[in-house]
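What follows is a single structure, written as structure tokens, with notes after it.
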Amino acid sequence: MITTDFRPGSPCWIDLGTPDLGATAGFYRAVFGWEFETGGPETAGYGIFKLNGRTVGGLGRLTEEGARSAWMIYFNTPDARTAAQTTERAGGRVRVAPVDADGEGMMAQLTDPLGGQFAVWQPGTSQGLEAVDVPGTLAWTELYTTDATAARDFYGSLFDWQTSDIPLPGGGGTYTLVTPAGCGEERMQGGIMQLPREHLALNDGRPYWHPVFGVTDCDATVAAITGNGGAVQMGPEDMEGVGRLAVCQDPSGADFVALAPASDAGGSGAGQG
């Protein structure tokens, strides 16, 4: 499970870049019950999603030219500058150089050597998300990539992740499970899945991360998604030991997974093809 006791390499923040703040905020309110609190003109409209008064993510306008609307996953790091340097030395790219966020922490946005975009957060006064692993919040993170071995090696060198591989149903290859360094399986936080480039058309064939949000009823959530202008790429369908899930998109095309965990899932992940 993901917790708010953030360890180095654990997901600690998510935010969404969108072309329409109002419409997007309305969609996630209808689907997950999130309330949006804007930061006002001084933050260019960037604001916070809250559920029952606790922060569950951020929302802002797209700022990168040619970028698609997408969720960004931030991983905890003790040193954002070192993380950026390590990424560059490994053949990745620094999209946004480490910058101080008014004392709340230091942020950098990076791209892995295969093209997958992610970010790091060095905590200051803010550790990150206030609610996770309950319905309507972040429950898992997942990378679709063209080379799972290379991705595992890169992120392992950057975050010192512990990884293990499990077979996918129907002989569909393997799924790599990710756990922060020094933690037990109960702290498993995400997965890496290899897919051919043609299956990554959503991102023009490049790898990408997406969040998995926990829900109590996957079918009801899908009905809310499609009823409010979103779309479903896959599902809902049952996955043994994981739960019932659907791969979805919001009205601007940002992808995420809705997962109603199986009672015996035990943090086993949300791998899907």
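Every heavy atom of this structure was used, including side-chain atoms; hydrogens, water molecules and symmetry mates were not. In this chain, residues are counted from 1 in sequence order.
Within the 4.5 Å cutoff, no side-chain heavy atoms of Arg61 are placed close to those of Pro19. In this structure, the side chains of Pro135 and Val215 stay at 4.5 Å or more apart for every pair of heavy atoms. You'll find the side chain of Leu158 reaches within 4.5 Å of the side chain of Thr87, heavy atoms only. A heavy-atom distance below 4.5 Å is found between the side chains of Val232 and Thr226. Residues Pro11 and Ile2 form a side-chain contact, since some pair of their non-hydrogen atoms from C-beta on lies under 4.5 Å apart. Between Pro180 and Pro8, every side-chain heavy-atom pair lies at or beyond the 4.5 Å cut-off. When side chains are defined from C-beta on, Thr146 counts as touching Pro207, because their heavy atoms get closer than 4.5 Å. Val120 has its side chain out of reach of Gln109: every pair of non-hydrogen atoms, C-beta onward, lies at least 4.5 Å apart.
Salt-bridge annotation for Glu35 and Arg29: present, with a side-chain N of the basic residue lying under 4.0 Å from a carboxylate O of the acidic one. We find that Glu237 and Arg244 are not joined by a salt bridge, their nearest charged nitrogen and carboxylate oxygen being 4.0 Å or further apart.
The CG atom of Leu110 lies 8.5 Å from the CD atom of Glu88; values are rounded to the nearest 0.5 Å. Once rounded to the nearest 0.5 Å, the distance linking OG1 of Thr4 with CG of Asp133 reads 10.0 Å. In this structure, Asp250 CG and Leu16 CG are separated by 6.0 Å, a value rounded to the nearest 0.5 Å. In this structure, CD on Gln122 lies 7.5 Å from CZ on Arg81, to the nearest 0.5 angstrom. Within the model, atoms CH2 of Trp71 and CD of Gln117 stand 15.5 Å from one another, a figure rounded to the nearest 0.5 Å. The structure places CG of Leu195 at 5.5 Å from CG of Leu200, a figure rounded to the nearest 0.5 Å.
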Determine, step by step, whether Gln233 and Cys248 satisfy the side chain to side chain contact (heavy atoms under 4.5 Å, CB included) criterion, reporting the C-alpha distance in whole Å, the side-chain angles of both residues, the deciding distance to 0.1 Å, and the verdict. CA-CA 6 Å; Gln233 295 178 290; Cys248 309; over 6 Å; no
Run the side chain to side chain contact (heavy atoms under 4.5 Å, CB included) test on Thr174 and Ile166 for me, step by step, so that the C-alpha distance in whole Å, both residues' side-chain angles and the decisive distance to 0.1 Å come before the verdict. CA-CA 5 Å; Thr174 61; Ile166 59 171; over 6 Å; no
Between Phe256 and His210, does a side chain to side chain contact (heavy atoms under 4.5 Å, CB included) hold up when you go through it step by step? CA-CA 6 Å; Phe256 61 92; His210 58 211; 5.5 Å; no
Please report the C-alpha distance between Leu114 and Arg206 in whole Å, then the side-chain angles of each, then the deciding distance to 0.1 Å, and finally whether the side chain to side chain contact (heavy atoms under 4.5 Å, CB included) criterion is met. CA-CA 7 Å; Leu114 297 168; Arg206 298 187 305 274; over 6 Å; no
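Of the possible donor and acceptor atoms, none in the side chain of Trp121 sits under 3.5 Å from a partner among the backbone N and O of Ala108. Proximity of a side-chain donor or acceptor of Asp102 to a complementary backbone N or O of Glu104 within less than 3.5 Å is not detected. Side-chain N or O atoms of Arg197 include one that pairs as donor or acceptor with a backbone N or O of Gly205 at under 3.5 Å. Of the possible polar contacts, one joining the Glu130 side chain to the Thr55 backbone as a donor-acceptor pair under 3.5 Å is found. Proximity of a side-chain donor or acceptor of Gln162 to a complementary backbone N or O of Gly182 within less than 3.5 Å is detected. Judged by distance alone, the side chain of Trp161 and the main-chain N or O of Arg152 form no donor-acceptor pair under 3.5 Å.
Aromatic ring pairs are classed by plane angle as parallel below 30°, tilted from 30° to 60° and perpendicular above 60°; the pair Trp13 and Tyr74 is perpendicular. Aromatic ring orientation, Tyr155 versus Trp209: perpendicular (interplanar angle above 60°, classes split at 30° and 60°). Using the six-membered ring where Trp is involved, Phe159 and Phe118 have ring planes that are perpendicular, over 60° apart on the 30 and 60° scheme.
Between Val222 and Ala246, the shortest heavy-atom contact is CG2-CB, 3.5 Å. In terms of heavy atoms, Cys218 sits closest to Ala260 at N-CB, 4.0 Å. Nearest heavy-atom pair across Leu143 and Ala151 is CD2-CB, 3.9 Å. Minimum interatomic distance between Gly33 and Leu51 (heavy atoms only, all atoms of both residues): O-CD1, 3.7 Å. In this structure, Phe36 and Ala25 approach most closely via the heavy-atom pair CB-CB, 3.8 Å. Closest approach of Gln249 and Gly253 over heavy atoms only: NE2-O, 3.0 Å.
Side-chain atoms of Ser10 and Asn76 form no donor-acceptor pair, as typed in the model, at a separation below 3.5 Å. Looking only at atom types and distance, the side chain of Asn203 has no donor-acceptor partner in the side chain of Tyr144 under 3.5 Å away. Counting only N and O atoms by type, the side chains of Thr18 and Thr24 include a donor and acceptor under 3.5 Å apart. In the model, Arg187 has a side-chain atom that pairs as donor or acceptor with a side-chain atom of Thr3 under 3.5 Å.
Note: the hydrophobic cluster containing Met188 also contains Met239 (ILVMFWY, side chain heavy atoms under 4.5 Å, direct or indirect links). Under the 4.5 Å side-chain heavy-atom criterion for grouping Ile, Leu, Val, Met, Phe, Trp and Tyr, Tyr175 is connected to Val247 within one hydrophobic cluster. Grouping the Ile, Leu, Val, Met, Phe, Trp and Tyr side chains by contacts below 4.5 angstrom, directly or via other members, places Leu138 with Tyr28. Residues Met1 and Val56 fall into different hydrophobic clusters, defined by Ile, Leu, Val, Met, Phe, Trp and Tyr side chains chained together at heavy-atom separations under 4.5 Å.
Taking the six-membered ring for Trp and the full ring otherwise, Phe213 and Trp34 have centroids separated by under 6.0 Å.
Within a 6.0 Å radius of CG in Asp79, other residues, nucleotides and ligands contribute more than 12 heavy atoms.
Annotation: cation-pi pair Arg68/Tyr208 present, NZ/CZ under 6.0 Å from the ring centroid and within 45° of its normal.
For the side-chain contact (heavy atoms from CB on, under 4.5 Å) with Leu59, the lone residue among Ile48, Asp15, Leu21 that qualifies is Leu21.
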